[in-house]
Number of protein chains: 2
Amino acid sequence: MLTALLLRYQLAGWMLLLMIAGFSEGGKLVVVPMDGSHWLSMRQVVENLSQRGHEVVVVVPQVNWQLGITGNYTLKTYPVSYTKEDMDVSLQTYVDAHLKGQPFPFNVLSIHNSSVAIFNLIFSNCKNLFNHKELMQYLIQSDFDALLTDPISLCGALIANYFSLPSVFFMRGLPCNLHYKANQCPDPLSYVPRIFTMNSDYMTFAQRLKNVLVDSVEFLYCNSFYAQGLSFASEVLQRDVTLLDLLSSTSIWLMRYDFVFEYPRPVMPNMVFIGGINCGARKALHEEFESIVNASGEHGFVVFSLGSMVSEIPMKKAKQIAEAFGTIPQTVLWRYTGEAPPNLANNTKLIKWLPQNDLLAHPKARAFITHGGSHGIYEGICNGVPMVLMPLFGDQMDNAKRIESRGAGVTLNVLEMTSKDLSDALNAVINDKSYKENIMHLSALHLDRPIHPLDLAVYWVEFVMRHKGAPHLRPAAHDLNWIQYHSLDVIAFLLAVVLVTAFISLKCCLSCCRKCFCKKGRVSKSSKSKAE
Amino acid sequence: MLTALLLRYQLAGWMLLLMIAGFSEGGKLVVVPMDGSHWLSMRQVVENLSQRGHEVVVVVPQVNWQLGITGNYTLKTYPVSYTKEDMDVSLQTYVDAHLKGQPFPFNVLSIHNSSVAIFNLIFSNCKNLFNHKELMQYLIQSDFDALLTDPISLCGALIANYFSLPSVFFMRGLPCNLHYKANQCPDPLSYVPRIFTMNSDYMTFAQRLKNVLVDSVEFLYCNSFYAQGLSFASEVLQRDVTLLDLLSSTSIWLMRYDFVFEYPRPVMPNMVFIGGINCGARKALHEEFESIVNASGEHGFVVFSLGSMVSEIPMKKAKQIAEAFGTIPQTVLWRYTGEAPPNLANNTKLIKWLPQNDLLAHPKARAFITHGGSHGIYEGICNGVPMVLMPLFGDQMDNAKRIESRGAGVTLNVLEMTSKDLSDALNAVINDKSYKENIMHLSALHLDRPIHPLDLAVYWVEFVMRHKGAPHLRPAAHDLNWIQYHSLDVIAFLLAVVLVTAFISLKCCLSCCRKCFCKKGRVSKSSKSKAE
């Protein structure tokens, strides 16, 4: 059934593209991407748009990790004031802040400071872009139809605001649920877990309390993350801008979400869900991998990767992991560029780069050990491979919680886990049938959709290019202030009416009573005096 | 461009169907439809599902308006305790209640009472169905995969609950926004207009006040409408059920909404928007109509219909309308079964039945006079024909308001309008270019969608049949009570903590102060005594 579904959505994609092709007119799109794993799936959309005859210009800093790869589009670069080493150090500090196992509150402070450092690095490249007169002149003259960006860097949103360009946001999520707040999307705290809480959608009272508390303080860290970015944006736009100002003007939010993975919650009509966009069709394995996979026998193999950004871990941890792998009968393919741990068992192959999706799509794949990045998780879901999750940073803890709450994986705390924990977790997801059944169920639901997410993303970018935005999907809530949005003025008015009415009624009653009693008093007095 | 878009979505539909066809496995579906115009577009979905190899059983009362038409599906009928005349009288009373122009509050009372009478008639047929042992036995034994129903009658929802069948709701809307409330969808009163208010999404303070007031009293009329239905449902399910209980268990809500027509607002992931599902491809006109249309010359023609349920109006009103038609140079095709008004001008043709969509799709169509039923309005939008709206009852006033607020039509009060008003309105929408431009803009946005609504509806019914529901789209909010949903317990707890902390702090401060002052007091006393 899974194969049929896979085939079906591939066919759907081809046919839709084939069909739309005849009517698509070439437009002009400027793309402001985010570096790192964020670019992985966005690049597919960009390539696809180029192939469909649009003139696509991707604007990237000269110093980058993954943005420099030339593709089927025009790459425009600009010099920046930092080096590749600065970027590496910044990332390493960020990862270390999570892996060092410092006590509270030092861990929180380290994570916060290293995050702010990364955000500041990102914004500094935005400043470099705005200072590059030649490129800015080119952007002004190019008369683009729309802008596509990952809004986490703010730079794309700032350019869209600066040039009054209709924009499309392509993203996994923003800190502090800004993607919901900026889009006027209700966000009930009682069943929509906040990021970093590791809550699911079913919460105890204590978890709901934590959710409310996290929600009420998260603006603190968001303000620090974006302080430099906002100050620069205010300077460029020559008015005081807030985060919500900058983000709220976009036309379409392409969100790498699917509700087999995310918890169902309120959404808005201009949110388009393209979770699983990165799952490609299975390609044949290279000879090297084919032979390892074939040699794995009936036990099959396990894929282990900590994502595109983390390819090394401390030796102590590596040895622990290697020891655990020695206890299972499966072959393990471990993406690792560091020094090989000395206790590496025969069943474990260290490999510098893995064709992850093709391996997971192989029928002999038994488990997937992942850091819980959303790209990897969607590949696990698409291919129906149960997971052992070792979240490191960012949204990974929450992602891991989601898979665990669906009974499709086991989460380990990478700092505290022992060899036995990993070995037990692997044995569980491989040998306890429920994990496989649950992930296959998620997979079947995820793949059963009328259009492939890649085609949907391409479609909506083109929609915004064709119609210069999507104003019919913009809720009127954007034009209400906080008091009006919550109808507080109406409630206050009604309360005032009730109180005034009650007061007047009371006054009337009292005065009536007084009159009656006075009369009675007078009557009784006079009758008394008569009697006397 | 419009033709290209039309062609494109038709192609999309065919290809998707062609593609899915190879993988569809025949399932079993039971359909509990609603009579009248509600059945028009639902029937298309039912026919389509039958053609795709599913066994579709449509359960209808023996006495009906439009449900008895045999189609490419199995029709199961059951006897009912009322006659066709009872139905006609009930509808006529309902229409008259709106057209009589009684003063307030008699108009509201008449409308309310006639609505309750219609709802009671509907529920009585549900009782007849449950009392029909043979048919109930057949339904039990049929082992259906899913149930498709228009939930306004409650009967389909009751059957789904009774047989624990996964269900799909197909609908335009429910009274009191029950379709949002039962689906845990937030419904902000500040920019989401309530039905019968005729508010748009941009409201003044007074309109927002009205919205809040209508929202707070609408449960009163909903309770009367559904009183008999709920009492019967409680009897059948042998527990006390509420409206929300009955409606909340459905898997997918197929809503005949599109945001070129509806105001953008929060939605839920299990709501699928299929507005415009009824717009078919233009078919060639019958000879009779072709000759009228061709004879209309450069001025073109106007289409006038008050919908499938109202084909006659009082003679006084008909004469007023005929007079207005005499003043315009366009030919008027008027769907009318009553006695011809004596002042009918030569340009006006009275016709018992109109191929409405085919006429509106004709390039010579200049305006569409409609009662504002959603089917007609979507045909107007699909074909880009500006409208003059004469709303009569139900959601028609609100529909008219939506088209008017988009500058694509003019609304008239059918009770108060004069001949001149109609003549002016027609002249405006025909000769003021902005109306045509606005409706063409809406049309372009509406038709630019990745899948035709009919294919989307078919897809999601099949999804529910394949997966026995869509539990991954069900929000956890269903399992929270009102206090938990709004986090009132958490807020109360936090308030209590703040108050207790403040109280303890205050107590501590006071006791400290007291001690200090006492000491000082003692010190000063002792120093005083020493001095003495």
Side-chain angles (χ1 to χ4, degrees), chain A residues 4-5 7-8 11-12 15-16 18-20 22-23 184-186 188-191 200-202 205 208-209 211-213 259-260 263-270 273 442 444-445 448 450-451 455-456 459 463 466-467 470 472-477 479-480 484-487 489-491 493-494, chain B residues 4-5 7-8 11-12 15-16 18-20 22-23 184-186 188-191 200-202 205 208-209 211-213 259-260 263-270 273 442 444-445 448 450-451 455-456 459 463 466-467 470 472-477 479-480 484-487 489-491 493-494:
Chain A
L5 283 173
L7 188 58
R8 171 179 161 180
L11 263 174
M15 286 201 170
L16 192 77
L18 200 74
M19 182 190 63
I20 298 174
F23 303 101
Q184 298 287 351
C185 183
L189 284 161
S190 48
Y191 72 100
S200 85
D201 53 346
Y202 283 90
F205 177 81
R208 288 194 291 114
L209 178 64
N211 221 36
V212 169
L213 290 174
F259 293 100
V260 300
Y263 303 118
R265 51 154 294 145
V267 295
M268 295 301 279
N270 64 343
F273 300 99
L442 291 186
L445 290 171
D448 194 354
I451 305 183
D455 301 320
L456 204 57
Y459 181 87
F463 185 98
R466 269 194 294 273
H467 301 283
H472 66 301
L473 299 180
R474 187 173 175 80
D479 299 303
L480 296 174
Q484 291 167 327
Y485 180 89
H486 293 283
S487 300
D489 49 352
V490 172
I491 293 168
F493 174 79
L494 288 173
Chain B
L5 282 173
L7 188 59
R8 170 178 162 180
L11 264 173
M15 287 200 170
L16 192 78
L18 200 74
M19 183 191 64
I20 298 174
F23 302 101
Q184 298 288 350
C185 184
L189 285 162
S190 48
Y191 72 100
S200 86
D201 53 346
Y202 284 91
F205 177 82
R208 289 195 290 113
L209 178 64
N211 221 35
V212 169
L213 291 174
F259 292 100
V260 300
Y263 302 118
R265 49 153 298 142
V267 296
M268 295 302 278
N270 64 344
F273 300 98
L442 292 185
L445 290 171
D448 194 353
I451 305 181
D455 302 321
L456 203 59
Y459 181 87
F463 185 99
R466 269 194 295 273
H467 301 283
H472 66 301
L473 298 181
R474 188 174 174 79
D479 299 304
L480 297 174
Q484 291 167 328
Y485 180 88
H486 293 284
S487 299
D489 49 353
V490 172
I491 293 168
F493 175 79
L494 288 173

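Every chain is numbered from 1 and lettered A, B, ... according to where its sequence line falls, protein lines coming before strand lines.
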Asks: Side chain from CB out, backbone as N, CA, C, O: work out which of these in B:Val212 comes under 4.5 Å of a heavy atom of chain A, or both, or neither.
Replies: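 It is the side chain, since no backbone atom gets that close.
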Asks: Write down the atom of A:Leu445, the atom of B:Phe463, and the distance for their closest heavy-atom approach.
Replies: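 Scanning both residues completely, I find the closest heavy atoms to be CD2-CZ, 3.7 Å.
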Asks: Kindly give the heavy-atom pair with the smallest separation between A:Pro269 and B:Arg265, and that separation in Å.
Replies: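 That closest heavy-atom pairing would be CD-O, 3.1 Å.
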Asks: At a 4.5 Å cut-off on heavy atoms, which part of B:Asn270 comes close to chain A: side chain, backbone, both, or neither?
Replies: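 For B:Asn270, no heavy atom lies under 4.5 Å from chain A.
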Asks: Does any backbone or side-chain atom of B:Tyr485 lie under 4.5 Å from a heavy atom of chain A? Answer side chain, backbone, both or neither.
Replies: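 For B:Tyr485, backbone and side chain are both near chain A.
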Asks: Can you say whether B:Leu189 sits under 4.5 Å from chain A via the side chain, the backbone, both, or neither, judging by heavy atoms?
Replies: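 Both parts, backbone and side chain.
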Asks: Over all heavy atoms of both residues, which pair between B:Tyr191 and A:Met268 is shortest? Give the atoms and the distance, please.
Replies: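 What the structure gives for the nearest pair is OH-CE, 3.8 Å.
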Asks: Examine whether an atom of A:Asp479 lies under 4.5 Å from a heavy atom of chain B, and if so say whether it belongs to the side chain, the backbone or both; otherwise answer neither.
Replies: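 Just its side chain gets close to chain B.
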Asks: Which region of B:Leu494, side chain (C-beta onward) or backbone (N, CA, C, O), has a non-hydrogen atom less than 4.5 Å from a non-hydrogen atom of chain A, or is it both or neither?
Replies: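 For B:Leu494, the side chain is the part near chain A, not the backbone.
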Asks: Can you see which heavy atom on B:Gln484 is nearest to which on A:Ser190, and at what distance?
Replies: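 Heavy atoms only, the tightest pair is O-CB, 3.1 Å.
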Asks: So what's closer than 4.5 Å to chain A heavy atoms on B:Phe273: side chain, backbone, both or neither?
Replies: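 Neither part.
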Asks: Where do A:Leu473 and B:Phe259 come nearest, in terms of heavy atoms and distance?
Replies: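 Here A:Leu473 and B:Phe259 meet closest at CD2-CB, 3.6 Å.
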Asks: Looking at chain B, which one of A:Pro186, A:Pro188, A:Ala477 has the largest number of heavy-atom pairs inside 4.5 Å, strictly under?
Replies: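 Counting heavy-atom pairs under 4.5 Å, the top option is A:Ala477.
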Asks: Taking every non-hydrogen pair under 4.5 Å, which of B:Val490, B:Leu480, B:Asp201 racks up the most with chain A?
Replies: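 Option with the greatest count: B:Val490.
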Asks: Please flag which part of A:Pro266 lies under 4.5 Å from any non-hydrogen atom of chain B: side chain, backbone, both or neither.
Replies: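 For A:Pro266, heavy atoms of backbone and side chain both lie under 4.5 Å from chain B.
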Asks: Any heavy-atom pair between the side chains of B:Asp455 and A:Pro450 that's under 4.5 Å?
Replies: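 A side-chain contact under 4.5 Å is absent here.
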Asks: Please classify the contact of B:Leu213 with chain A as side chain, backbone, both or neither, using a heavy-atom distance under 4.5 Å.
Replies: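 For B:Leu213, side-chain heavy atoms alone lie under 4.5 Å from chain A.
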Asks: Ignoring hydrogens, what is the shortest heavy-atom contact between A:His472 and B:Pro264? Give both atom names and the distance.
Replies: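 Smallest interatomic distance, heavy atoms only, reads O-CG, 3.3 Å.
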Asks: So which of A:Val260, A:Asn211, A:Val267 has the largest heavy-atom pair count under 4.5 angstrom toward chain B?
Replies: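 Heavy-atom pairs under 4.5 Å are most numerous for A:Val267.
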